[in-house]
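Single-structure report; data block below.
Side chains are part of it too, since the values below use all heavy atoms of this structure and drop only hydrogens, waters and symmetry mates. Throughout, protein chains are lettered first and strands after them, A, B, ... in sequence-line order, and every chain is numbered starting at 1.
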Amino acid sequence: MAQTNVDRRLRVRMAPSPTGPLHIGTARTSLYNYLTARHDGGTFVLRIEDTDVARSTTEFERDIIEGLHWLGISWDEGPQVAGGEDIGQFGPYRQSQRLDRYAAEAQRLLDARLAYRCYCTSDELEAVRHAQERNHEAPRYNGRCRSLTAEERAAFEAAGRRGAIRFEVKPEPVRWDDKVRGEVEFDNALLGDFVIVRADGSPLYNFTAVVDDAAMQIGDVIRGEDHISNTPKQIALYQALGYELPRFAHIPLILNPDRTKMSKRKSQTSIDAYREQGYLPEALVNFLAFLGWSPGTEEEIFSLDELAARFELTKVHKGGAIFDIDRLDHLNGVYIRSLTDEQLALRLRPYLPDAATDETVLRVVPLVRERLVRLGDIGDLVAFLFETDATIASWYDGELLLPKKRDAADVASALTVVRDDLEHLTDADWSSDVLDSRCRALAER
RNA sequence: GCCCCCAUCGUCUAGAGGCCUAGGACGCCACCCUUUCAAGGUGGAGAUCAGGGGUUCGAAUCCCCUUGGGGGCACCA
């Protein structure tokens, strides 16, 4: 493994877990990593953390990769896609393909007596936890298997138990200089020995992240604030394994309106959902970038490249930011209005019936541009004009939408009335007689 | 319960001791433009900088406490 001329100070990484569709928070963290790399001329690595076999799927992995691409976020090193090969000299970039490395490192820890086999069952562990809770103690592993004799271990193994591997935490204070938070200190004496490899042999997050970040020469670990309490554990692991420590930066969380961590239950968290509604990636990126960062000026419209030129980790806030959909809507409108007719027509295409000709779409664009908040809103505005129903098509298309004698303002006006009118329609109103008369009346206005 | 973190208009934020009687944007309210709705323009309401102590000639900015909020405490990531 010849790894030459790698400046780890300029290497950052995003390590999503494919256990769900691309999440807003993952997208924002990816963006901050990407911007940091681009700003400093560094390298951005994508690594797939799929060690949780039960929850990880290739569909989610594809969704995440596609979502990042859609946002315009690209990486310099990452897993192979579509039958290609891994890109980069530190691959493979999928943790499920690096199992031998974790096993080797775990063995190294075992041999050095910095980790040990634990044969406790989940029931036993739970019982201990409950007892600790009753005594108002911090729930943590009590170290029962820490000093098992060879005989005791053999007995467990003979009984068919395959122990998990626990890392022995040294009870000492750990501190690091966080790029966004400054000095952070934590007393590892409060920690229990934690599991790094399950009884079934599969490695766990805190362990794999450290092994890989070190192997991939990551110099700056930029991740969400929810990982801040993993950091002391990981630092201990870095030290035990003899790796050079990276720098850490914990960025603020994106919040629900009630200021709790943004969640699926309370907010729309999947990038796909925003994409489907017709938010432009440019708008989403611009919006996301400002959730926890600002250039320090009053400018607020930035392209990805402009963001990369201005972005600095040191200007990232410590406090979380509420995801304000009104603001996203506003930004989206700004970006929609900045598009040329042709560009907007192209983007609108997926939201209109196939029956609509390119020419028709192009003619609709100037009429709707000023009032489109999301591309998907085009459906509410004019999609019905292209229904196959002959009556609707002829009336709206011929008399209303594209009238020979009327100008664009007239048409826009009519469209709005039609839209408002439609909101009050009941199912019974959808007979062609009723529609016909409505259309006739509207056309005469 | 234990540990860690955070704190400027409703929201996103500017602010790194005097430029702040706290600026911008979103949202909201008026008015203008407009046959309507938008878009655009102009103006307005909206934060005693969570509260209390210090430090200093001077604090939103530094320190401490309180309060409030959040995150984490898995053989998830």
> Under 3.5 Å, is there a donor-acceptor pair linking the side chains of A:Y116 and A:E168?
Replying inline: no
>> Tell me which one of A:F194, A:Y238, A:F207 satisfies side chain to side chain contact (heavy atoms under 4.5 Å, CB included) with A:K233.
In response: A:F194
> Which part of the nucleic acid, if any, lies within contact of A:E185, taking any heavy atom under 4.0 Å across all strands shown: a base, the sugar-phosphate backbone alone, or nothing?
Replying inline: sugar-phosphate
> With a non-hydrogen cut-off below 4.0 angstrom, is A:R134 in contact with a base, only sugar-phosphate, or nothing?
Replying inline: nothing
> Will you find, in the side chains of A:S303 and A:D305, an N or O donor that is under 3.5 Å from an N or O acceptor?
Replying inline: no
> Which value, rounded to the nearest 0.5 Å, describes the distance between A:L31 atom CG and A:L304 atom CG?
Replying inline: 6.5 Å
>> For the C1' atoms, the ones on B:G68 and on B:C49, what distance do you get once it is rounded to whole angstrom?
In response: 16 Å
> Between A:N230 and A:Y205, does any side-chain donor sit less than 3.5 Å from a side-chain acceptor?
Replying inline: no
>> Let's test this: given Watson-Crick or G-U wobble pairing with both distances under 3.5 Å, identify the partner of B:A45.
In response: none
>> Are A:Y351 and A:Q277 packed together at the side-chain level, in the sense that at least one heavy-atom pair is separated by less than 4.5 angstrom?
In response: no
>> Nearest heavy atom decides the nucleotide; on that basis, is A:I322 or A:V184 closer to the 5' end of RNA chain B?
In response: A:V184
> What integer distance in Å separates A:H250:NE2 from B:C5:C1'?
Replying inline: 11 Å
Atom pairs, protein N/O to nucleotides 7-10 of chain B N/O, distance under 3.5 Å:
none

> Does a donor on one side chain sit under 3.5 Å from an acceptor on the other, for A:R94 and A:T58?
Replying inline: no
> Tell me: CG of A:L291 to P of B:C6, nearest whole Å?
Replying inline: 19 Å
> How close or far is atom P of B:A39 from atom CG of A:L331, stated in whole angstroms?
Replying inline: 14 Å
> Could you run down nucleotides 70-77 of chain B 5' to 3' and tag each one B, S or - for protein heavy-atom contact under 4.0 Å?
Replying inline: SSSBSBBB
>> Side chains of A:T208 and A:D212 only: does a donor on one sit below 3.5 Å from an acceptor on the other?
In response: no
>> I'd like the C1' distance from B:A45 over to B:C5, given in whole Å.
In response: 35 Å
Identify every side-chain donor-acceptor pair in residues 316-330 of chain A under 3.5 Å, counting partners at least two apart or on other chains, and give the distances.
| unit_1 | atom_1 | unit_2 | atom_2 | d |
| --- | --- | --- | --- | --- |
| A:D324 | OD1 | A:D326 | N | 3.3 |
| A:R327 | NH2 | A:E300 | OE1 | 3.4 |
| A:D329 | OD1 | A:Y279 | OH | 2.5 |

> Taking the P atom of each, how far is B:G43 from B:G52, in whole Å?
Replying inline: 35 Å
Show each protein N/O and nucleotides 64-68 of chain B N/O combination with a separation under 3.5 Å, one pair to a line.
none

> Taking the P atom of each, how far is B:C12 from B:G53, in whole Å?
Replying inline: 28 Å
> Who is the Watson-Crick or G-U wobble partner of B:G1, with both distances under 3.5 Å?
Replying inline: B:C73
>> Nearest whole Å is fine: how far is B:C3 P from A:R175 CZ?
In response: 19 Å
> Between A:K315 (NZ) and B:G15 (C1'), how many Å, whole number?
Replying inline: 10 Å
>> If only side-chain N and O atoms count, and only distance matters, is there a donor-acceptor pair under 3.5 Å linking A:D200 with A:S202?
In response: yes
>> Rounding to an integer number of Å, can you tell me how far A:W293 CH2 sits from B:A14 C1'?
In response: 13 Å
>> Hydrogens and angles aside, do A:N206 and A:Q234 bring a side-chain donor and acceptor to less than 3.5 Å of each other?
In response: yes
Produce the list of close N/O pairs, under 3.5 Å, pairing protein atoms with atoms of nucleotides 18-24 of chain B; give distances to one decimal.
| unit_1 | atom_1 | unit_2 | atom_2 | d |
| --- | --- | --- | --- | --- |
| B:G23 | O2' | A:E298 | OE2 | 2.9 |
| B:G24 | O4' | A:E298 | OE2 | 3.1 |

>> Within the structure provided, determine whether A:Q80 and A:Q97 are in side-chain contact (heavy-atom separation under 4.5 Å).
In response: yes
> If the C1' atom of B:C64 is compared with that of B:A77, how far apart are they to the nearest Å?
Replying inline: 38 Å
> Taking it one step at a time, do A:R108 and A:E105 satisfy salt bridge (charged side-chain N to carboxylate O under 4.0 Å, His left out)?
Replying inline: CA-CA 5 Å; A:R108 207 152 65 78; A:E105 290 302 82; 2.8 Å; yes
>> Taking B:C29 as the reference, what is the distance to B:U21 when you measure between their C1' atoms (whole Å, please)?
In response: 24 Å
> Just checking A:G292: base, sugar-phosphate only, or nothing, at a heavy-atom cut-off of under 4.0 Å?
Replying inline: sugar-phosphate
>> Say we look at B:G18 and B:A60: how far apart would their C1' atoms be, to the nearest angstrom?
In response: 13 Å
> Paired with B:A25 by Watson-Crick or G-U wobble geometry, both distances under 3.5 Å: which nucleotide is it?
Replying inline: B:U11
> Do A:D111 and A:Q107 meet the criterion of a side-chain donor-acceptor pair at a distance under 3.5 Å?
Replying inline: yes
> Any chance the rings of A:F311 and A:Y32 have centres within less than 6.0 Å?
Replying inline: yes
> Are any of the side-chain nitrogens in A:K261 or A:E225 under 4.0 Å away from the carboxylate oxygens of its partner?
Replying inline: no
> Roughly how far apart, to the nearest Å, are B:G27 and B:C65 at atom P?
Replying inline: 41 Å
>> For A:E49, is there an ion pair with A:R223 - N to carboxylate O distance below 4.0 angstrom?
In response: no
> Between A:L190 (CG) and B:C4 (P), how many Å, whole number?
Replying inline: 7 Å
>> In whole Å, I'd like the distance from the CG atom of A:D329 to the C1' atom of B:A39.
In response: 15 Å
>> Quick one: does any side-chain atom of A:N256 pair with a main-chain N or O of A:S263 as donor and acceptor, under 3.5 Å?
In response: yes
Between the protein and nucleotides 40-44 of chain B, are there any N/O to N/O pairs under 3.5 Å, and if so, what are the atom names and distances?
| unit_1 | atom_1 | unit_2 | atom_2 | d |
| --- | --- | --- | --- | --- |
| B:G40 | OP1 | A:R337 | NH1 | 3.2 |

